[in-house]
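Taking it in order: structure first as structure tokens, then the write-up.
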Amino acid sequence: MENIKVKIINDSGYDLPAYETPSSAGMDIHARLESPVVLAPLQRALIPTGLRIQLPRGYECQIRPRSGLALRHGISIVNTPGTVDADYRGEIGVVIINLSDTPFTVNPGERIAQMVIKEYVHVEWEQVTRLDETVRGEGGFGHTGL
């Protein structure tokens, strides 16, 4: 596993994102709020984090839901995973949604999402008129059965 240095500005008032265990892929991030935000069922909101980062070229930051919030409260992220590009310098925001049937309160400092830093590659398209054959072929959604 490779470590990379990432510059960060933390205006959240909370600790820097950190790995909870040596094998964790994601780091929890906190809501930077002045006061609680109540989300009605099916309501969504952009929650600020107070974090700005400078990733090396060739890396992205993925913003993903926290499994505990999803399981216990039906809270997820609308555009999951959200992508923070290497050239973005603004504050990271998280678009959370309440998929439950009861209101949910996001409190200041609450852990609302996790971030995962991922390396990526750019593609060069090679336009062709035919693709190589495979066993699967054009089998799509549900073609392999239950």
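The chain is numbered in sequence order, starting from 1.
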In the hydrophobic clustering that connects Ile, Leu, Val, Met, Phe, Trp and Tyr at side-chain heavy-atom distances below 4.5 Å, which members other than Val95 occupy its cluster, ordered by chain and number?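 Taking Ile, Leu, Val, Met, Phe, Trp and Tyr as members, Val95 shares its hydrophobic cluster with Leu42, Leu46, Val78, Ile97, Leu99.
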
With ILVMFWY side chains joined below 4.5 Å, transitively, what does Val128's cluster contain besides itself?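 Listed partners: Leu131.
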
Do Glu110 and Leu33 pass the side-chain contact (heavy atoms from CB on, under 4.5 Å) test, and can you show the C-alpha distance, the side-chain angles, and the key distance before you say yes or no? CA-CA 9 Å; Glu110 185 165 358; Leu33 297 169; over 6 Å; no

Salt bridge (Lys or Arg N to Asp or Glu O under 4.0 Å) contacts in which one or both residues fall within residues 80-90, not counting sequence neighbours: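 For residues 80-90, and leaving out neighbouring residues, there are no salt bridge (Lys or Arg N to Asp or Glu O under 4.0 Å) pairs at all.
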
Residues 9-18 side chain polar contacts: donor-acceptor under 3.5 Å, at least two apart:
residue : atom : partner : partner atom : Å
Asn10   : OD1  : Ser12   : N            : 3.0
Asn10   : OD1  : Ser12   : OG           : 2.6
Asn10   : ND2  : Tyr14   : O            : 2.8
Ser12   : OG   : Tyr14   : N            : 2.9
Ser12   : OG   : Tyr14   : O            : 3.4
Tyr14   : OH   : Gly109  : N            : 3.1

Among Ile96, Val94, Asn98, which residue satisfies the side chain to side chain contact (heavy atoms under 4.5 Å, CB included) criterion with Val106?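 It is Ile96, the one option of Ile96, Val94, Asn98 that forms the side chain to side chain contact (heavy atoms under 4.5 Å, CB included) with Val106.
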
From Ile75 CD1 over to Phe104 CZ, what is the distance, rounded to the nearest 0.5 angstrom?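 Going from CD1 on Ile75 over to CZ on Phe104, the span is 5.0 Å.
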
Is it true that Tyr19 and Val116 fall in one hydrophobic cluster, defined by side-chain heavy atoms closer than 4.5 Å?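 Per the 4.5 Å side-chain linkage, Tyr19 and Val116 are not co-clustered.
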
Which pair of heavy atoms, one from Pro41 and one from Pro103, lies closest together, and at what distance?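 Shortest heavy-atom separation between Pro41 and Pro103 comes out as CD-N, 4.1 Å.
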
Could you give the side-chain donor-acceptor pairs of residues 48-73 under 3.5 Å, partners two or more places apart or in another chain?
residue : atom : partner : partner atom : Å
Thr49   : OG1  : Leu51   : N            : 3.2
Thr49   : OG1  : Ile92   : O            : 2.6
Glu60   : OE1  : Thr83   : OG1          : 3.2
Glu60   : OE2  : Gln62   : NE2          : 2.9
Gln62   : OE1  : Arg64   : NE           : 3.0
Gln62   : OE1  : Arg64   : NH2          : 2.5
Arg66   : NE   : Asp28   : OD1          : 3.3
Arg66   : NH1  : Arg111  : O            : 3.4

Quick one: list whatever passes ring-ring contact (aromatic ring centres under 6.0 Å, His included) with Tyr120, sequence neighbours left out.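 Listed in chain order: His122.
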
Those residues that, when tested against Ser24, pass side chain to side chain donor-acceptor pair (under 3.5 Å) (two or more places apart):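 Applying side chain to side chain donor-acceptor pair (under 3.5 Å) to Ser24 gives Thr21.
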
